[in-house]
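Worksheet: one structure, shown below.
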Amino acid sequence: MSNFAEDDAFEAAASGSLSARAMAARPAPYLDDLNPAQRAAVEALDGPVLMLAGAGTGKTKALTTRIAHLLNSGKARPNEILAVTFTNKAAREMKERVAKLLGQTVEGMPWLGTFHAICVKLLRRHAELVGLKSNFTILDTDDQIRLLKQLIVAANIDEKRWPPRMLSGIIDNWKNRAWTPDKVPAAEAAAFNQRGTELYAQYQARLKELNAVDFGDLLLHVLTIFQTHSDVLAQYQRWFRYVLVDEYQDTNVAQYLWLRLLAQGHRNICCVGDDDQSIYGWRGAEVGNILRFEKDFPGATVIRLEQNYRSTPHILAAASRVIDANEGRLGKTLWTDKNDGEKVRLIGHWDGEEEARWIGEELEAMQGGTRGQRPMNLDECAILVRASHQMRAFEDRFLTIGLPYRVIGGPRFYERMEIRDAMAYFRVACSPDDDLAFERIVNTPKRGAGDKAQQTMQRAARANGVSLLEGARLCVSAGELTGKAKGQVGALVEQFDRWHAKALDPKQNHIELAEQILDDSGYTTMWQNDKTPEAPGRLENLKELVKALENFENLQGFLEHVALIMDNETDDGGAKVSIMTLHGAKGLEFPAVFLPGWEDGLFPSQRSMDESGLKGLEEERRLAYVGITRAEELCTISFAANRRVYGQWQSALPSRFIDELPEDHVEVLTPPGLYGGGYGAAGMGGGSTIVDRAADANVYNSPGWKRLQARQSTRGMSQPQESRNMTIDSTAVSAYTQGDRVFHTKFGYGYVMGIEGDKLDIEFEKAGSKKVVAKFVVAADRADDVPF
DNA sequence: ACGAAGGGATTTTTT
DNA sequence: ATCCCTTCGT
């Protein structure tokens, strides 16, 4: 599929515009732009280097300057540098910045890219060594899951017990650890009753039949090649004089082994990362990789970038204190020469809706500068949430008040159903052997080919050892399909013959062909006739897809790229506040950042703690660190006492991370709201140092707050600090028994029906059945003591 | 073969 | 609450 002869990396560089010799004599003005640490990191070209780059310390600048310096000093030619990133975005940015530094386009840096993109390039060259053809196709998650599902069903395994999604997760996990089916440790295999490894092996076999790989295979196959063909490995070890790795803390075991093998040639490896920003443990990242770098590469130079150019001292202090609670850090001390600016703001709310309302009002005020500081543009502001379901409250609110917003992250362009369908048509047109693609669209639009018809085709294909498309053809000519399917599938097969011929024809305009495929197949018509509200949008997307084809020579080239470049930059301009997850915000920065939802259970996420214990909690804490350090000038943290989760009202305590904030750098805001303020925060204040202090300082000197404190002492409840463990205070829960009549400020009176973990199951007279943290109700006979 | 209704789950995300 | 997927009924 790819004609990589064209970009054959070893060849390309020699003719590139950057001849090593020509560059050698050049001065290095870019060095003057660096601080001493950055400069040291750039100039330590030889030997292993670990660059510990804290948030906002100019990591990318150091990294790109280092590449420029390598080239400029004649140490390496562009194609002798291996520079890996995790995302296409990072790779793109790096290319652009290197080019800018050198004042010219960098041609021939073929080995600057994502792990996956580089592995595709390597694997296409050596595919036969792992039993593949070099035109293998790359399956995405969707294809992967459909394939696994087939295998599960075929093996007669209960889908409920072994959901394809779960199996795919297990297999990915194994691949992240560089375990091929035969290398899965016995203990691990036993944990899944041997069935897991069986299915894994079957899956790999099936992939080979399909001449396909999934994302994990890209790395794993190349690793296998390196491990089993020392000649091939040696060739690359020799070739890559310098190796650079971005976001090293995010590497998994497979990537680590891959890098270690390649770097063994010249031992010039420079890893850049920040252990405090390791937030991808759940998908296989090993912080350990960065922690033991010096052991792996004895004599390594370790350079710390600690001067922060992004945030004010207050923000930095808050972030530093929070992350300080983590164990086993490599340790950095971020500093800045910026002026103090505003303290980190902390505010509690009664519920999630009020929180959204308040942030909306803040954003409006900040735009006009009415809030007392410089006017801010909406696109200078961001709301960073822990989980995407939190976004909805903001979207709802911002829609009602007409505040422009942009959700970053969501489903990506190439993951949308209509795009994948269209691509499946293109895939079959280009490679009629692509069974998964054919299967996807054979009955889309409806062609009367349901389960039964498809099984017939599958059987025919298997029996004759041909592709599904050929199987379909056989069924049609043998009259094995029922009336409706017979005609329409027959027509489809003929259409694919025509389209395939055109796809191979160099004179054929590929854009016209794409349009023709979508129209003649009835796919466009299907959406035109669809009256659901999203249909027009889907047609729009299809138009965009066709437009994207302009950038490519042919359909094949397009498909090749899209497999790896699944991101979409649909920046339609216009000032909008960004809403995204904390994960999505890594690497970004905003003058003003809102961090809502800081409640125990939500953030830190209960699930994370349940599944990974202290390790999970520490990763959550790093997430908090990432969140705070995104802010340049203004950082606002908030929490809500009540929130609707899965349709049920739930109460929660403020996040333990709030206790970890340094009070000197935090300003506690009084929420607007009923009863003279202090509503949410007072109700929530239970264990927060901040709020306690605030109360002392009369910030929370509301009657309600005082009464709450009085109530807590009279009832002899455990002090919240003591209860701040992995499990929430159970003393309070045990203060009640079934049948107790209780009062809740929001839901009114009710009876305790049962106790579930840390929550009381209460049947409220007006509000129905709810699960509530005991702290938020009082015995009905004490209802007068309720501080609101 | 296809649409409606019921059941279960629901962190985070790249390639 | 909502979404997705399976099952059931036509």
Side-chain angles (χ1 to χ4, degrees), chain A residues 84-91 113-120 138-146 149 153 158-160 163-166 169 172 175-176 213-220 247 250-252 254-255 278-285 384-393 396 408-412 414-415 417 443-454 481-485 488 561-567 580-587 597 601-612 616 619-620 622-623 626-627 643-650:
Chain A
V84 277
T85 64
F86 276 86
T87 64
N88 290 303
K89 197 177 156 203
T114 62
F115 275 102
H116 297 266
I118 288 168
C119 284
V120 170
I138 302 164
L139 303 191
D140 56 36
T141 322
D142 214 63
D143 295 322
Q144 188 190 12
I145 288 186
R146 282 189 300 138
K149 190 176 163 176
V153 172
D158 183 8
E159 270 185 80
K160 294 269 156 54
R165 240 199 87 96
M166 181 178 116
D172 280 350
K175 288 186 176 178
N176 285 339
V213 300
D214 64 21
F215 287 125
D217 284 339
L218 290 173
L219 241 125
L220 199 43
E247 306 283 14
D250 288 340
T251 50
N252 61 35
Q255 287 157 342
S278 161
I279 55 174
Y280 285 109
W282 50 273
R283 69 176 193 210
L384 312 182
V385 297
R386 174 63 182 85
S388 31
H389 63 74
Q390 292 172 260
M391 293 179 180
R392 186 180 223 119
D396 285 351
I408 307 214
R412 278 156 306 180
Y414 289 105
E415 278 172 6
M417 188 204 319
N443 201 31
T444 313
K446 299 275 177 277
R447 294 194 176 87
D451 278 353
K452 197 159 164 241
Q454 291 192 41
L481 296 176
T482 51
K484 204 172 171 187
Q488 299 200 47
H561 277 256
V562 161
L564 285 179
I565 302 173
M566 299 288 272
D567 61 354
M580 65 184 96
T581 62
L582 288 163
H583 285 93
K586 192 162 95 160
L602 181 58
F603 187 48
S605 139
Q606 192 60 49
R607 189 154 163 186
S608 189
M609 295 185 293
D610 290 346
E611 284 174 8
S612 313
E619 182 154 313
E620 296 284 307
R622 292 193 288 269
L623 216 35
V626 167
R643 199 176 283 283
R644 245 159 83 160
V645 184
Y646 305 137
Q648 289 261 296
W649 279 100
Q650 300 221 266

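Worth knowing before you read on, the calculation uses all heavy atoms, side chains too, and leaves out hydrogens, waters and symmetry mates. Below, chain A is the first sequence line, B the second, and so on; all start at residue 1. Treat the numbers as computed from the prediction; the structure is a model and nothing was measured.
Judged by closest nucleotide on DNA chain B, A:Q454 is the one of A:S388 and A:Q454 placed further toward the 5' end.
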A:Q390/A:L602 under side chain to side chain contact (heavy atoms under 4.5 Å, CB included): CA gap, chis, key distance, verdict: CA-CA 10 Å; A:Q390 292 172 260; A:L602 181 58; 3.7 Å; yes
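In this structure A:Q454 satisfies the side chain to side chain contact (heavy atoms under 4.5 Å, CB included) test together with A:E439, A:V442, A:N443, A:M457, sequence neighbours excluded. For A:E247, the salt bridge (Lys or Arg N to Asp or Glu O under 4.0 Å) test picks out A:K59, A:K586, with sequence neighbours left out. The salt bridge (Lys or Arg N to Asp or Glu O under 4.0 Å) check on A:D143 picks up A:R146, A:R427, with sequence neighbours excluded. Looking at residues two or more places apart in sequence or on another chain, you find a ring-ring contact (aromatic ring centres under 6.0 Å, His included) between A:F86 and A:F115. Residues forming a salt bridge (Lys or Arg N to Asp or Glu O under 4.0 Å) with A:R447 (at least two apart in sequence, or on another chain): none. Listed by chain and number, the residues in a side-chain hydrogen bond (donor to acceptor under 3.5 Å, both in side chains) with A:T114 amount to none (sequence neighbours excluded). A:R607 meets the salt bridge (Lys or Arg N to Asp or Glu O under 4.0 Å) test with A:E611; sequence neighbours excluded.
By the neighbour-count criterion of 12 heavy atoms within 6.0 Å, atom CG of A:D158 is densely surrounded, having more than that number from other residues, nucleotides or ligands.
Taking atom CD of residue A:Q390 and atom P of nucleotide B:dT11, one finds them 12 Å apart after rounding to whole Å. Straight-line distance from the OH atom of A:Y280 to the P atom of B:dT12: 11 Å, rounded to whole Å. If you measure from atom CZ of A:R386 to atom C1' of B:dT10, you get 13 Å, rounded to the nearest angstrom. Rounding to whole angstrom units, CD of residue A:E619 and C1' of B:dT13 are separated by 12 Å. Regarding A:R622, its CZ atom lies at a distance of 13 Å from the C1' atom of B:dT12, rounded to whole Å. The distance from atom CE of A:M609 to atom P of B:dT12 is 16 Å, rounded to the nearest whole Å. Between the CG atom of A:L218 and the C1' atom of B:dT15 there is a distance of 8 Å, rounded to whole Å. The CG-P distance, from A:D142 to B:dT14, rounds to 15 Å in whole Å.
At a threshold of 4.0 angstrom between heavy atoms, the contacts of A:D250 with the nucleic acid are absent. Looking at heavy-atom distances under 4.0 Å, A:Y646 makes contact with a base. Residue A:S605 is classed as a base contact, given a heavy-atom separation below 4.0 Å to a base. Base engagement by A:E611 is indicated by at least one non-hydrogen atom pair under 4.0 Å involving a base atom.
At B:dT13, one or more side-chain N or O atoms of A:T581 fall inside 4.0 Å of OP1 or OP2 (strictly under the cut-off).
Ranking B:dT13, B:dT11, C:dA1 by closeness to the A:R165 side chain, first place goes to B:dT13. In the set B:dT12, B:dT15, B:dT14, the nucleotide with an atom closest to the side chain of A:N88 is B:dT15. Considering only side-chain atoms of A:K452, the nucleotide from B:dT12, B:dA1, B:dT14 that sits closest is B:dA1. For A:F215, counting side-chain heavy atoms from C-beta on, the closest listed nucleotide (B:dT15, B:dT12, B:dT10) is B:dT15. Looking at the side chain of A:H116, the nearest of the listed nucleotides B:dT14, B:dT15, B:dA1 is B:dT15. Closest to the A:T141 side chain, of the nucleotides C:dA1, B:dT15, B:dA1, is B:dT15.
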Heavy-atom protein contacts under 4.0 Å, nucleotides 2-10 of chain C, coded B base, S sugar-phosphate only, - none: -S--S----
Could you write out each protein N or O paired with an N or O of nucleotides 2-4 of chain B at a distance under 3.5 Å?
from, atom 1, to, atom 2, distance (Å)
B:dC2, OP2, A:N443, ND2, 3.3

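The CG atom of A:L384 sits 10.0 Å away from the CD1 atom of A:I408 when rounded to the nearest 0.5 Å. Rounding to the nearest 0.5 angstrom, the gap separating the CG atom in A:D142 from the CE atom in A:M417 is 10.0 Å.
Using a 5.5 Å limit on the distance between ring centres and a 30° limit on the angle between planes, the aromatic ring of A:W282 does not count as stacked on the six-membered base ring of B:dT11.
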